[in-house]
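Some notes on the structure that comes next.
We count ligands from 1, going down the list as the structure has it; atoms in each ligand are counted the same way. The residues of the chain are indexed from 1 along the displayed sequence.
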Amino acid sequence: MLCLGIESTAHTFGCGIVSFDGKILANAKDSFTSASGGMIPSEVAKHHEQAKEKVLQDALTKAKISIKDISLISYSAAPGLAPCLLVGLKFAQKLAKEHKLPLVGVNHSVSHLAIGDLVCGAKDPIYLYVSGPNTQVVGFAGGRYRVFGETLDVGLGNMLDKFAREVGLGFPGGPKIEQLATGKYVELPYSVKGMDVSFAGMLTKALKLFKQGIAKEDLCFSLQETAFSMLAEVAERALAHTDKKELLLIGGVAANKRLGEMLRIMCNERGATFHAVPLEYSGDQGVMIAWQGVLQAGEKLSPETADIRPYERIDEVNVTWR
Ligand code: AMP
Ligand code: MG
């Protein structure tokens with residue numbers, strides 16, 4: 001049995017195909033990028049409209065199957081940019097009607113956790129979830145995913161993207177900042193409150209220093225060192241308080257080597273196991289949506305009742321599969 005997953009919450013339109021026993025057959029995607037600006041939801045939705053048929057065909061070709069071999073369609077119902085979510089929903093509804101297939105609408109954030117568990121073999125980790133809009137320290141406790149700590153303002157990826165945009169590096173900014181992080185340290189606000197973090201002050205200060213002529217290389221290096229140290233601190237605090245023995249790094253910013261290095265050192269020092277989701281599955285893609293669909297295969301929707309939930313949080317999801 002195979003599940004097709006459709007991802008469309010933000011910059012990426014993706015189609016993934018997985019078997020019900022967790023074999024990944026295809027991961028096809030097309031991501032919106034921009035040389036100078038950021039993400040305008042209506043423009044990104046237009047990108048997804050234009051990309052969807054080709055991405056689906058790519059996935060089917062990679063998996064060497066036809067749509068007739070699919071048993072279930074899963075789409076990202078939450079959370080995300082409404083115009084983008086709607087493109088995925090409508091595409092999923094159309095395919096479900098045409099091929100008489102059941103639909104499942106899943107939470108994108110939860111699916112980042114689930115694909116991490118699947119590909120890394122993690123059992124019961126603390127998750128450090130760092131994507132564009134999200135920065136959360138999450139763990140499973142008492143039947144739900146609990147958010148132990150999170151950003152009090154902007155998400156880590158969005159902070160990096162915003163800095164990059166303002167200094168002319170384009171979108172996405174995280175990878176550019178990583179490449180340019182070769183300078184020396186300048187002090188930026190280090191802001192940890194319990195297990196919560198805040199990045200807005202650091203961003204404001206870095207932009208101010210940029211206008212004063214401090215080199216991009218120094219600022220990129222300092223943003224990474226400061227923000228990642230804050231995350232290592234709160235991740236360690238969550239491990240200590242929950243007595244969990246594994247840390248799993250997930251979300252688009254998990255691609256960053258320096259972040260992985262810092263967290264690995266912290267885990268080694270306290271005898272915990274560190275997992276980072278491989279690059280292919282760290283950013284947004286359809287595979288995680290497909291796998292989450294398999295986990296929630298019992299929660300089928302008809303195309304008429306399928307909907308989107310742009311603001312649903314990870315701790316609001318009713319976890320039926322763990
Ligand atoms: P997601 O929303 O999970 O797809 O993650 C996208 C975010 O990850 C964007 O904000 C990117 O700038 C960020 N990102 C991707 N690669 C890197 C990297 N190597 N270093 C830092 N941030 C990154
Ligand atoms: Mg994401």
Side-chain angles (χ1 to χ4, degrees), residues 5-14 16 27 29-35 37-39 41 44 47-48 75-81 84-85 88 106-116 127-136 138 150-151 154-167 169-182 199 202-203 206 219-228 230-231 248-263 276-289 291-292 310 312-314:
I6 298 172
E7 159 59 23
S8 75
T9 55
H11 46 73
T12 296
F13 190 87
N27 181 14
K29 61 182 176 181
D30 191 332
S31 300
F32 172 88
T33 58
S34 149
M39 266 203 286
V44 184
H47 163 271
H48 292 354
Y75 69 97
S76 45
L81 303 169
C84 300
L85 288 170
V106 306
N107 179 292
H108 168 102
S109 308
V110 159
S111 79
H112 269 297
L113 311 190
I115 198 68
Y127 303 89
L128 179 59
Y129 174 30
V130 279
S131 69
N134 297 292
T135 302
Q136 291 181 327
V138 176
E150 63 188 315
T151 178
V154 64
L156 175 61
N158 285 0
M159 185 275 283
L160 296 172
D161 292 340
K162 211 162 174 189
F163 176 78
R165 187 176 70 212
E166 298 287 323
V167 306
L169 297 174
F171 176 83
K176 304 261 172 53
I177 289 174
E178 179 168 28
Q179 278 169 14
L180 276 180
T182 54
F199 296 119
M202 169 183 319
L203 174 63
L219 294 169
C220 290
F221 177 73
S222 307
L223 280 172
Q224 287 204 161
E225 294 303 299
T226 312
F228 299 171
M230 286 159 47
L231 293 173
L248 175 52
L249 176 62
I250 54 168
V253 191
N256 190 288
K257 298 226 169 45
R258 178 62 180 144
L259 176 58
E261 182 186 14
M262 277 194 197
L263 296 170
V277 177
L279 204 58
E280 204 184 345
Y281 306 112
S282 63
D284 294 350
Q285 22 71 33
V287 174
M288 65 185 192
I289 304 301
W291 179 238
Q292 190 60 42
E312 182 179 77
R313 278 171 60 88
I314 205 165

Is the backbone of L169 close enough, under 3.5 Å, to the side chain of K176 for a donor and an acceptor to pair up by distance?
yes
Nearest protein heavy atom with distance in Å, relative to atom 16 (N) of ligand 1
P175 CG, 3.5 Å
Looking at every heavy atom in both D161 and G174, which two are closest together, and how far apart are they?
OD1-N, 3.4 Å
For G132, is at least one N or O under 3.5 Å away from an N or O on ligand 1?
yes
Just need the protein heavy atom nearest to atom 22 (N) of ligand 1, so name the residue and atom and give the distance.
G174 CA, 3.3 Å
Residue G173 vicinity, atoms of ligand 1 by number, heavy atom under 4.0 Å
12 (O)
Against ligand 1, does K257 come closer than 4.0 Å with any heavy atom?
no
Below 3.5 angstrom, do we get any N/O pair linking P172 and ligand 1?
no
Could you check atom 19 (N) of ligand 1 against the protein and tell me its nearest heavy-atom contact, residue, atom and distance included?
E178 OE1, 2.7 Å
Donor on one side chain, acceptor on other, H112 and D284, under 3.5 Å:
yes
Which residue owns the protein heavy atom closest to atom 8 (O) of ligand 1, what's the atom, and how far is it?
G252 C, 3.4 Å
Are the side chains of Y75 and L85 in touch, meaning some heavy atoms are under 4.5 Å apart?
no
Within the side chain of E178, is there an N or O that forms a donor-acceptor pair under 3.5 Å with the backbone of A181?
no
I'd like to know whether ligand 1 has A10 as a neighbour, heavy-atom separation below 4.0 Å.
no
Quick test: of every protein heavy atom, which one is nearest to atom 1 (P) of ligand 1, and how far off is it to 0.1 Å?
D284 OD1, 3.5 Å
Where does the angle between the aromatic ring planes of H47 and F32 fall among parallel (under 30°), tilted (30 to 60°) and perpendicular (over 60°)?
perpendicular
Closest heavy-atom pair, T182 versus F221, reported as atoms and distance to 0.1 Å, is N-CB, 4.3 Å
Write out the residue and atom name of the closest protein heavy atom to atom 13 (C) of ligand 1, then the distance separating them to 0.1 Å.
V253 CG2, 3.9 Å
Check whether H48 reaches the backbone of D30 with its side chain - one donor and one acceptor, N or O, closer than 3.5 Å.
no
Ligand 1 to G157, heavy atom cutoff 4.0 Å, flagged ligand atoms 10 (O)
D161 neighbourhood, listing ligand 1 atoms whose heavy-atom distance to it stays under 4.0 Å:
9 (C), 10 (O), 11 (C), 12 (O)
Identify which of L259, T12, T9, N256 has a heavy atom lying nearest to atom 20 (N) of ligand 1.
N256
Which atoms of ligand 1 are found less than 4.0 Å from any heavy atom of H11?
1 (P), 2 (O), 4 (O), 6 (C)
Could you check N134, T9, I314 and say which one makes a side-chain contact (heavy atoms from CB on, under 4.5 Å) with H108?
T9
Residues, nucleotides or ligands: over 12 heavy atoms within 6.0 Å of K29 NZ
yes
Under a plain distance cut-off of 3.5 Å, with no hydrogens placed, do N27 and Q285 share a side-chain donor-acceptor pair?
no
Using a plain distance cutoff, I'd like to know if V130 has any nitrogen or oxygen under 3.5 Å from a nitrogen or oxygen of ligand 1.
no
Quick check: of its N, O or S atoms, which one does D284 have closest to the Mg ion (ligand 2)?
OD1
